[in-house]
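To keep things clear, I will list the structure first and then write my remarks on it.
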Amino acid sequence: MGFSSKLISWYAKNGRELPWRNTTNPYIIWLSEIILQQTRIEQGTPYFHNFLENFPTIEDFANADEGELLKLWQGLGYYSRARNMHKAARQIQTDFDGKFPTKYEEVIKLTGIGEYTAAAIASFSSNAAYAVLDGNVFRVLSRYFAIDTPINSTAGKKQFSEIANELLDKKHPGTYNQAIMDFGAMLCKPKNPLCEECIFRMDCRAFQTNSIQSYPVKLKKKPSRNRFFAYFIVEEDGQLLMAKRNDSDIWANMYEFPMIETEEELSISALVEHNEFKFNFPSAIIEQLNGMVKQVLSHQNIYAKFYRITNPENNVLKNSNWAFYNSENLDKLAMHKLMFTFLETFKKLP
DNA sequence: AATACGGGGCC
DNA sequence: GGCCCAGTATT
């Protein structure tokens, strides 16, 4: 038996039941695939159900506004996925007459869809013969063939893509693609793979040379940079002052308290002497509300402190990105984790 | 070709 | 603390 038929029989016995399987609806497949990019299934599944419930069809999705989508995406991370989905949904209305395409060459034109997602949608929805290449597939193939080309290099992507498409079961591309990803996730895991019960024990080059732990090879990531945020809670008549982030940085277009960023940690005495602070809050009374909060991102460490401003003067709205929100409208704003976590504890404060 | 983009789970 | 997760867009 060849690689693909062994894999597919393993999948028939051991494959997972997942909510977005057993459909050929490209909209539903798309929803699940974007949500699951760089995201664990356990983390993404509640979001999948929530989105499908709020937007049963691609038309519903296209008619939503970006803020509403970001709010539903809140907490999932990589928020450009939600903004790109919004663009893609509009593209489908204008360029595809409102009908979600299933052809690889059409699907890959949509914003937010790259080679992996195009192959997934095309193969799952219409059995088109395109091999998926995700973290699971990279790992399985690098071990099986003991390939030491870095998987995050250009050469690696090309090499693994060619092998993946050769191995693909051209008669059952959809099933094969699901199978190799399940196999990577359940058996050929990153840590502690279950080699003792693996159907490919005798064929796997890395296992045979006792070097499973050496694969896949990956180029090192560069160290994260540190950023220090001082957030200011300004409350007036039960309303909170909020700022909208711009779109050229982390957490694009999301909401948070007004803040000052510095390259080093600032004591409260240094903070009140900061020019930006004096400009925004002249003669303010400031009180630190908590210790340092650390938020780890993929390329940055954010260190945040929260301060209460009780005498902001009357010119606090000189920044056009700032506005006051009552609690009802506050609940509609999309916020990043640092913010909505703090807000939970803040609400319980006296 | 390299880097940015979140949040969470595992070791 | 580092790695990884059903990757893509931008620089």
Side-chain angles (χ1 to χ4, degrees), chain A residues 15-16 18-21 29-48 70 73-85 87-88 107-121 123-124 130-140 142 150-158 160-161 164 174 176-186 188-193 213 215-225 227 245 247-254 294-302 334-341:
Chain A
R16 294 175 290 191
L18 298 173
W20 43 87
R21 285 187 175 159
I29 296 166
W30 170 70
L31 204 50
S32 69
E33 291 300 338
I34 305 292
I35 287 174
L36 293 176
Q37 285 170 4
Q38 296 294 287
T39 304
R40 283 204 170 62
I41 285 178
E42 308 80 66
Q43 188 187 4
T45 300
Y47 287 83
F48 169 77
L70 274 177
W73 203 270
Q74 174 174 298
L76 196 55
Y78 283 173
Y79 298 95
S80 64
R81 289 182 289 176
R83 297 193 305 273
N84 288 339
M85 286 177 93
K87 288 182 197 157
V107 169
I108 203 168
K109 290 198 179 86
L110 299 172
T111 306
I113 295 185
E115 290 181 11
Y116 163 78
T117 306
I121 294 175
S123 67
F124 299 157
Y130 293 88
V132 294
L133 191 51
D134 74 334
N136 291 305
V137 180
F138 275 118
R139 187 171 58 254
V140 171
S142 71
I151 61 172
N152 53 347
S153 66
T154 305
K157 281 169 193 152
K158 185 168 183 293
F160 281 95
S161 173
Y176 171 90
N177 279 336
Q178 303 270 22
I180 193 166
M181 290 195 285
D182 264 16
F183 182 80
M186 301 169 69
C188 197
K189 300 181 292 179
K191 304 280 182 191
N192 305 320
Q213 69 290 344
Y215 301 95
V217 173
K218 206 167 178 180
L219 265 25
K220 281 251 176 291
K221 75 179 279 269
K222 57 179 282 193
S224 295
R225 73 176 165 125
R227 302 172 72 176
R245 291 186 64 84
D247 56 6
S248 59
D249 195 1
I250 54 170
W251 303 321
N253 303 345
M254 301 181 81
K294 183 182 182 185
Q295 176 70 32
V296 178
L297 309 185
S298 54
H299 292 77
Q300 314 180 15
N301 299 313
I302 310 295
M335 300 179 206
H336 49 82
K337 151 113 174 165
L338 209 44
M339 274 301 302
F340 67 74
T341 302

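Quantities reported herein were computed from a predicted structural model and do not represent experimental measurements. A, B, ... follow the sequence lines: proteins, then strands. Residue 1 opens every chain.
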Identify, between A:G77 and A:K220, the residue whose nearest nucleotide on DNA chain B lies closer to the 5' end.
A:K220
Taking the side chain as C-beta and beyond, is there a heavy-atom pair between A:L31 and A:W20 under 4.5 Å?
no
Taking the P atom in each of C:dA6 and B:dT3, what is the distance between them to the nearest angstrom?
25 Å
Boundaries of the DNA chain C segment in contact with chain A, non-hydrogen, under 4.0 Å
C:dG1 to C:dA9
Separation of B:dG6 C1' from A:Y78 OH (nearest whole Å)
6 Å
Nearest-Å distance, CG (A:L338) to C1' (B:dG8)?
15 Å
Would you call the rings of A:F138 and A:F160 parallel, tilted or perpendicular, taking 30° and 60° as the class edges?
perpendicular
Which part of the nucleic acid, if any, lies within reach of A:N84 when heavy atoms closer than 4.0 Å are counted: base, sugar-phosphate only, or nothing?
sugar-phosphate
Taking atom C1' in both C:dA9 and B:dG8, what distance in whole Å separates the two?
23 Å
Please confirm whether the shortest side-chain N or O distance from A:T154 to OP1 or OP2 of B:dA1 is below 4.0 Å.
yes
Assert: residue with more 5' nearest nucleotide on DNA chain B, out of A:R40 and A:L219, is A:L219
Would you compute the distance between atom CD of A:Q38 and atom OG of A:S298 and round it to the nearest 0.5 angstrom?
9.0 Å
Side-chain donor-acceptor pair under 3.5 Å between A:R81 and A:N84, yes or no?
no
Which distance, rounded to the nearest 0.5 Å, do you find between the CG of A:D134 and the CD1 of A:I180?
8.5 Å
Rounded interatomic separation in angstrom, taking NZ from A:K221 and P from B:dA4
9 Å
Should A:V217 and A:S142 count as side-chain neighbours, where that means a heavy-atom distance under 4.5 Å?
no
Does A:L18 reach a base, just sugar-phosphate, or nothing at all? Heavy atoms under 4.0 Å.
base
Just call it for A:G75: base, sugar-phosphate, or nothing, with non-hydrogen atoms closer than 4.0 Å on any strand.
sugar-phosphate
By nearest nucleotide on DNA chain C, pick out whichever of A:N136 and A:K294 is the more 5' one.
A:K294
Whole angstrom value for the distance that separates P of B:dA4 from CZ of A:R225
8 Å
Is the shortest side-chain N/O distance from A:K337 to OP1 or OP2 of B:dG8 below 4.0 Å?
yes
Touch class at under 4.0 angstrom, heavy-atom based, for A:R83 against every strand present:
nothing
Approximate separation, where rounding is to 0.5 Å, of A:I302 CD1 and A:R225 CZ
7.5 Å
Can a donor-acceptor pair be found between the side chains of A:Y116 and A:Q37 at a distance below 3.5 Å?
no
Is a donor-acceptor pair below 3.5 Å formed from side chain A:T39 to base B:dG7, judging by atom type as modelled?
no
Whole-Å distance, A:Q43 CD to B:dG8 C1', equals 5 Å
Using a strict heavy-atom distance below 4.0 Å, which residues from residues 110-118 of chain A are in contact with DNA chain C?
A:T111, A:G112, A:I113, A:G114, A:E115, A:Y116, A:T117
Pairwise P distance, B:dA4 and C:dC3 [rounded to whole Å]
16 Å
Counting side-chain heavy atoms from C-beta on, which of B:dT3, B:dC5, B:dG7 comes nearest to A:Q295?
B:dG7
Atom-pair distance (CG on A:L76; P on B:dG9), nearest Å:
12 Å
Rounded to the Å, how far apart are A:Q300 CD and B:dA4 C1'?
8 Å
Given atom CZ of A:F340 and atom C1' of B:dG6, what is their separation to the nearest angstrom?
10 Å
Would a 4.5 Å heavy-atom cut-off, applied to side chains only, mark A:D249 and A:R227 as touching?
yes
Side-chain touch A:I113/A:W30, heavy atoms, less than 4.5 angstrom
yes
If you apply the rule side chain to side chain contact (heavy atoms under 4.5 Å, CB included), what do you find for A:M85 with A:W73, and how did you get there?
CA-CA 11 Å; A:M85 286 177 93; A:W73 203 270; 3.7 Å; yes
